[in-house]
Each structure stands twice: as C-alpha cells, then as structure tokens.
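Notes to accompany the following structure.
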Amino acid sequence: METLEKRLYEWFGYSSFKYNQRDIIESVLADEDVFSMIATGSGKSLCYQLPALWKKGTAIIVSPLLALMENQVQELKQIGIKKVAAYNSFLNIKEKKRILNRLSEYKMIYISPESLQQEEILKQISNLDVSLLAVDEAHCISQWGHEFRTDYLKIGNARERMGNPPCLALTATAAPEVREDIIDKLHMKSPVSICDTVDRPNISIQAIKKEKEEDKRTSLLEFTRNLPKPGMVYVGSRKKAEDLAEMIKNETSFTAAAYHGGMTKEDRHLIQQQFLLDEVQIICCTNAFGMGINKPNIRFVLHFDYPKDIESYVQEMGRAGRDGYRSSSILLHSDTDYFFPRRIIEWEFPSEEEVHYICHLLQAEDRANISKQTIESYGLEDVHARFMLHYWEEWRNTAEEHYPEDFINMVIKKRKRWKFHKLSQMENWISNTAECRRKTLLETFGECLRRQPNPCCDICGISESPAHDEDAAASRQFVPWQDRLYALFHQQQ
DNA sequence: CGCGTTGTATATAGATACAACGCGGTGCTCTATT
C-alpha cells in the first residue's frame, strides 16, 4: 500500500509509520472493529485521523476531556485539515445548530460521551454516513463509566443509532478484564486486537514501607533532593497536594507546585505549562493530572499515596521516562494508609438510605417526571443522582419486581465488591510481593517478563551506582531518532 | 459511608454527653447570576 505512505506524508508530514500504526490503520480501513493498546506517544490519534480522512463519510471521535478535543482540533487545523469540529459546551446555541445542520460536511467530529447522549445529536447522527466511531482513552469506559460518568456506558447504544459503524477503541493501559469490558460496552464483535507491552524497561520500580506519615514526608524530601528532576508526586487529596508542594518549596531549593481538580481552569493551565517548560521542577498532584500530558523528560514519579487499582498505578508511573532515559517509580506506604482508599470507594456510591428513598420515588412517579435535578433536590450529590438514574433505567428492564434491597445487593454491593477486590490486588502487590515486582505487575496484564532490565526493582535490587547503565542506554537506542527529535521539538514549545 | 472536629445543653463554674458538621479523585453540561 504505497499510497498509504503517500497520504501520511501529504496530510501529516511523516515519512514512515510507527510500530503497530500501520496494522491498526489497515484493519480500520478494512472495516474491522479494532481494540488497540499502544503506548502514549506512539501516535495513537493518527490511527483514527488518517482513516477518517481516507474513508467516505464522517468519523465520530469520543474524547474524555474538553481540553484534549480543543487541542486536537487546533493541531489538525494548523496542518491544514479544516473539516473538523469539536461539539461541546464551549459552543453557544447558534454554533451548535450550525454544526448540527451540516454534520456531513465534516471529516471528523470530536465529542464527549455526555454530548453524544443528547437527543438532538443522536437524531442527526442516525441520518449521517458515519465512517468510523473512535473512542480515545477507552479505558475511561471501564474506569469512569460504572460510577463517575455513566454516559460512557451508553456509547454502544449511540453506536447502534449510527447504524453500527466500524469501531476503534484506543488506550495505553488496560488489563484483560478491562479490555473485555470495553469490547462489551462498545458492542464490538470479534474485534482485531493490536497491543503493545505495558512494560517500561527504563523505569526502575520500588515500593518502600515507612512507619508513619511523618516518615514518608522525610523520605519524600530525601528523594526529591537526590533524584534527577523534573518529577511528579501523586497524592490522594487536594489538601495534601498543596501541603506537600509547600513543604518541598520550604525545605529544598527546588521549585514545586500543586495541581488538582479544585483549582480554576486558568491556574491548572498555568501550572501545567510551567511544568512542561521545566519552570516548575516538582508537581504535587491528585489523579486530575495526567491524561493528555506527554512530557518526555519526567525522571521520577513518586506515589505518596497509592491508587485504588494496579492499572491506575501503571498509568501514573508510566508518565516517567517517555524519552527512554533511565527513570524511577517510587511508592511510599505505611499502615496508616489503610482507611483512605476504602472511604473513597464508599463515597462513590449513594448510601443505602438514599437508595431506598430514591427507589420509592422512582417507583411511585412516572420516570419521565423525575430528572437529575429532582433527585439532587433530595440532597443527593450530582454523581450519585446520575448513578441512580442510569442504573434504575437498566434495572427496570431486567426484573419484574423492583425492590430497593435487590438494587442494593445486585448493583451497588456487586460493584463495591469488585472495587475492593481491585484495591486489595494493588495492596497485595505493594506488601506481599516476593518475586520481581516488574514480573508480577506484567502478570496482572497477562504478560510475561521477557528480559530483566538493570536496574529492575527493589526486590531484584536497585544499584545506586550509575555504572550499570547499559540497559537504560540500550532502551534509549530503541527510540527512533525521528521520535526523539519530535520529543525534543515539542519540549521546546 | 465512617471518622474526627466543633458546637451545644446541662447543671453549676469544669466536665461530660451527644448532636451536628465537615471531610474526601476524577468532568461533563445546563442554568441563573454577577
């Protein structure tokens, strides 16, 4: 397929495909459903952008963050691809109508799962020739869909309304159960699966036990002083992100800043830019920071609090060393960490009392009269209200009698059990790993460790001397010069 | 949800019991005000 290369150069200015890109694109062009797990920075977006331009019709691209959509649209327009739009709440009614009335004139429409559920857009899309439905950061379906953003679970229904176009799911991290969940929720039938390893040989892995929170702080300062920078510190709460950033600024000579979802958009953007430009050396953040960030030279990721599942851990530590140079992942833990993640899981669900109340309400009234606002007016949080509406709708289709007790047992308790299971899997890896950490980590992704890098992990032994750097050097050579140049160039911007 | 802090009443000047309140990741969208 010589013309594929020709178009790649003509449209995007690249002279060759990266590892796996061609396979994915060819499968998409053959109208296959494709599930693909490839590393961040290996050109995921091109995998739907090129087919979108190539094929007749309009591609719909589901994206989790408004900022990501805006970036992509802007970048495409800059390289001369103009028939693209983002359909979201940035638009006013006039602009929305304008786009709605001429959907078929676009080659790509970026959209959030929430906007995709609006009846106006579903109606228009059902008459549209949809060339491809692409879901970017598809692990969000599994990670966010069940409790936090339930519209992620409804993409499959929207797909049916479009007349079942071919579907491409893209992510950087997904364990086997998560892959199955994604494939199921997108109503994919025997998809082609194209996956990279999740192993990152240039990142050494450590989990270190400390007595108390105070000892974790001392250790954090020590690592901050001694490790190469820039670095990231992941914490569990907004307040702690700010506390630790303050502490690093006061106790060391390095620049630090906090980043979390409670900050204004402007502040978040500013801190992000400063970190990207190496003006801020250490960023202390909650899990709000990460998606869409492609900073190549992060030298360490330190987990001051551990995440609730192994995939999140792999995603977060994997932000280190994208340039291929030696980097560290360090996780600090202590017995006092036990309760926090458990409380957060409990908090994700409405209380039993609330469920009872809302179930009776939903049963007594005609469902059409009950909006999210009604449920919120009974004191439920935004997320819980959406949770109740989504599952109630599913629930009433599956059973004849609808008792709140059954709803609690079969919907809520089931999900909680699953979440606690994932949490203990994470904790087991932290506290009870007897073999190589890298090996056990890969096994949860259904992979084998093919070659042990040096340095590897705290169990295999971390050598302090930089003399054993052959592996970091070797992995560096794996990165083609074009990619390194690209990384350097983007670092400059 | 569950834990820790603050507030209030009681009955008497300091201490106790118990209720109320606040905390605690992730982001979309729509609507009504500054």
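In the text below, chain A, chain B and the rest are named by the order of the sequence lines, each starting its count at 1.
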Between [atom2] of [N] and [atom1] of [X], the distance in whole Å:
| X | N | atom1 | atom2 | answer |
| --- | --- | --- | --- | --- |
| A:Lys413 | B:dC1 | NZ | C1' | 13 Å |
| A:Lys240 | B:dG24 | NZ | C1' | 11 Å |
| A:Asn287 | B:dT26 | CG | P | 6 Å |
| A:Glu348 | B:dG24 | CD | C1' | 11 Å |
| A:Asp305 | B:dG24 | CG | P | 12 Å |
| A:Lys419 | B:dT26 | NZ | P | 14 Å |
| A:Glu353 | B:dC1 | CD | P | 7 Å |
| A:Tyr338 | B:dG2 | OH | C1' | 13 Å |

Please report the distance separating the C1' of B:dA9 from the corresponding atom of B:dG14, rounded so that it comes out in whole Å. 14 Å
Using the C1' atoms only, state how far B:dA11 lies from B:dT16, rounded to an integer number of Å. 11 Å
Between A:Phe349 and the options A:Phe387, A:Trp418, A:Tyr391, the ring-ring contact (aromatic ring centres under 6.0 Å, His included) test singles out A:Phe387
Does the pair [X]/[Y] count as a salt bridge with the N-to-O cut at 4.0 Å?
| X | Y | result |
| --- | --- | --- |
| A:Lys419 | A:Glu348 | yes |
| A:Lys422 | A:Glu177 | yes |
| A:Asp337 | A:Lys209 | no |

Using only atom types and a distance under 3.5 Å, with no angle test, would you say the side chain of A:Ser131 pairs donor to acceptor with the backbone of A:Ala52? no
Does the structure show a Watson-Crick or G-U wobble partner for [N], both distances under 3.5 Å? Name it, or say none.
| N | answer |
| --- | --- |
| B:dG24 | B:dC1 |
| B:dA19 | B:dT6 |
| B:dA11 | none |
| B:dT29 | none |

Over 60° means perpendicular and under 30° means parallel, so classify the ring planes of A:Tyr313 and A:Trp429, tilted if in between. tilted
Once you apply a heavy-atom cut-off of 4.0 Å, does A:Arg342 come out as touching a base, just sugar-phosphate, or nothing? nothing
What string of B, S and - do you get for nucleotides 27-34 of chain B, 5' to 3', when a contact is any protein heavy atom under 4.0 Å? BSSS----
Could you say whether A:Glu381 or A:Phe339 is positioned toward the 5' end of DNA chain B, judged by the nucleotide with the nearest heavy atom to each? A:Phe339
When you measure from the centre of the six-membered ring of A:Tyr152, is the NZ or CZ of A:Lys185 closer than 6.0 Å and no more than 45° off the axis? no
